[in-house]
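Some notes on the structure that comes next.
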Amino acid sequence: MITVYSVPSERTSPRFARAFAQGCGGKVVTEARRIDGPIALFGSPHLMDVLDHARSEGRDFWYGDHAYFKRFLFYRVTKNALQHGGKGEADARRFGRLGISIEPWQMGRHVLVCPPDRKYARLIGMDEKAWLAGTLATLRRHTDRPIRIRKREGAERNPVSLADDLKGAHALVTHHSNAAVEALCMGIPVFVTAECAARGMAETDLTKIESPRYPDDRLRWASVLAANQWTLPEMRQGRAWRALQ
């Protein structure tokens, strides 16, 4: 039986846990204690020790988080990884029903940098300030383009949306942010420095900032990601669990 962890003090974790447990026949627990066997959880700072322990022992885990597309309506779930890599094939109709277009590649001027937020960086043992400083130093050595920085902290209060920041952009640079997924759909090439959903579509060498990748299979990639996110009712019905097998 799969142990599905829930953090009662959080908004999404309990709803995710109940839905996923119902769909997989698992058991919900509300204490962040280590339990043998496979586990499932929604990403939470309170559960990182439990997740790290399961990973260190090579146990199966199912990790849930906000979706690649239509966040707060869908939730992504990945087996033994924090994000899906976008490899493989999937029916494009599920992505098509989201009403999101794959726009032609754009040619712009500025570089938009989206650093990791402090909370998540601490969880994975990285220094977000060092990442930003190193990234900016590399970019400035290899381009004279204007560089804009968009931090995740306070983004909900930012009057400028991510889509607006991406208008007229030459490229987006990030560590692992889901902003790279939105950028690729908008026709903005991306650079990433970690494993994430956009990595297969991205360039990873920042010294190549003047020569981004323009992959021609974004619809296939987006269709795969759309096939790896579900609504809570779909989880309760077991659709996510069956697909993840």
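Fair warning: this is a prediction, and the values are worked out from it, not measured in the lab.
- With hydrogens and angles ignored, the 3.5 Å screen pairs no side-chain donor or acceptor of His84 with any backbone N or O of Ala226.
- Linking Ile, Leu, Val, Met, Phe, Trp and Tyr whenever their side-chain heavy atoms come within less than 4.5 Å puts Ile188 and Leu184 in one cluster.
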Practice problem: Carefully, step by step, assess Val7 and Tyr5 under the rule side chain to side chain contact (heavy atoms under 4.5 Å, CB included). | Solution: CA-CA 7 Å; Val7 181; Tyr5 286 87; over 6 Å; no
Practice problem: Please step through side chain to side chain contact (heavy atoms under 4.5 Å, CB included) for the pair Phe61 and Val50, ending with a clear verdict. | Solution: CA-CA 10 Å; Phe61 68 89; Val50 168; over 6 Å; no
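- Looking only at side-chain heavy atoms (C-beta outward), Thr135 and Phe191 stay at 4.5 Å or farther from each other.
- Under a 4.0 Å N-O distance rule, the pair Lys129/Asp127 does not qualify as a salt bridge.
- For the pair Arg150 (side chain) and Cys114 (backbone), a donor-acceptor distance under 3.5 Å is absent.
- Under a hydrophobic clustering in which Ile, Leu, Val, Met, Phe, Trp and Tyr are joined whenever their side-chain heavy atoms come within less than 4.5 Å, directly or via other members, Ile209 and Ile149 fall into the same cluster.
- The two residues Leu172 and Ala180 have their closest heavy-atom pair at CD2-CA, 4.0 Å.
- Residues Arg59 and His53 have side chains that bring a donor and an acceptor to within less than 3.5 angstrom of each other.
- To the nearest 0.5 Å, the span separating CD on Gln245 from SG on Cys24 amounts to 9.0 Å.
- For the pair Lys151 and Pro115, the minimum side-chain heavy-atom distance is below 4.5 Å.
- With Gln106 contributing its side chain and Gly108 its backbone, the two residues share no donor-acceptor pair below 3.5 Å.
- One hydrophobic cluster, built from ILVMFWY side chains closer than 4.5 Å, cannot hold both Val173 and Trp105; they sit in different ones.
- In this structure, Asp60 contributes its side chain and Pro38 its backbone to no donor-acceptor pair below 3.5 Å.
- Taking the six-membered ring where tryptophan is involved, the planes of Phe20 and Trp241 are perpendicular, since the angle between them exceeds 60° and thus also 30°.
- The backbone N or O of Gly168 sits less than 3.5 Å from a side-chain atom of His110, completing a donor-acceptor pair.
- Formation of a donor-acceptor pair under 3.5 Å by the Arg239 side chain with backbone atoms of Gly23 is not found in this model.
- Leu162 and Ile147 are assigned to two separate hydrophobic clusters, defined by single-linkage of ILVMFWY side chains at heavy-atom distances under 4.5 Å.
- Residues Val4 and Met235 share a single hydrophobic cluster, defined by chaining ILVMFWY side chains whose heavy atoms lie under 4.5 Å apart.
- Looking only at atom types and distance, the side chain of Thr193 has a donor-acceptor partner in the side chain of His175 under 3.5 Å away.
- Here the CG-CZ distance, from Leu136 to Arg141, works out to 11.0 Å after rounding to the nearest 0.5 Å.
- Side chain of Arg76 to main chain of Leu82: a donor-acceptor pair is present (N/O by atom type, distance under 3.5 Å, no hydrogens or angles).
- Of all heavy-atom pairs spanning Arg213 and Pro189, the tightest one is O-CB, 3.4 Å.
- At least one cation-pi condition fails for Arg236 and Trp230: the charged atom is not both under 6.0 angstrom from the six-membered ring centre and inside a 45 degree cone around its axis.
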Quiz prompt | Stepwise side chain to side chain contact (heavy atoms under 4.5 Å, CB included) test for Gln229 and Leu98 | solution = CA-CA 12 Å; Gln229 60 177 41; Leu98 298 177; 4.1 Å; yes
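- Side-chain atoms of Val29 and Ile35, non-hydrogen and from C-beta on, do get closer than 4.5 Å to each other.
- Between Ser223 and Ala90, the shortest heavy-atom distance links the atoms O-CB, 3.5 Å.
- A donor-acceptor distance shorter than 3.5 angstrom exists from the side chain of Thr138 to the backbone of Gly134, with no hydrogens or angles considered.
- Residues Phe42 and His66 bring their aromatic ring centres within 6.0 Å.
- Within the 4.5 Å cutoff, the side chain of His176 has no heavy atoms near those of the Glu195 side chain.
- Other residues, nucleotides and ligands place no more than 12 heavy atoms under 6.0 Å from the CZ atom of Arg11.
- Atom CZ in Arg34 sits 11.5 Å away from atom CG in Leu51 (nearest 0.5 Å).
- A donor-acceptor distance shorter than 3.5 angstrom exists from the side chain of Asn228 to the backbone of Val224, with no hydrogens or angles considered.
- Side-chain contact check for Ser44 and Glu10: at least one donor-acceptor pair (N or O, by modelled atom type) lies under 3.5 Å.
- Without hydrogens or angle criteria, Arg199 side chain to Gly85 main chain gives no donor-acceptor distance under 3.5 Å.
- A donor-acceptor contact closer than 3.5 angstrom is absent between the side chains of Asp216 and Tyr214.
- Listed here is the closest heavy atom pair of Ala67 and Asn178: O-ND2, 3.7 Å.
- Residues Glu234 and Arg94 are paired through a salt bridge, judged by an N-O separation under 4.0 Å between the basic side chain and the carboxylate.
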Practice problem: Applying side chain to side chain contact (heavy atoms under 4.5 Å, CB included), run through Arg145 and Leu139 and close with a yes or a no. | Solution: CA-CA 9 Å; Arg145 295 176 180 275; Leu139 292 175; over 6 Å; no
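- For the pairing with Phe95, the ring pair (Phe, Tyr, Trp, His ring centres under 6.0 Å) check across Trp221, Phe69, Tyr68, Phe74 returns one residue only, Phe69.
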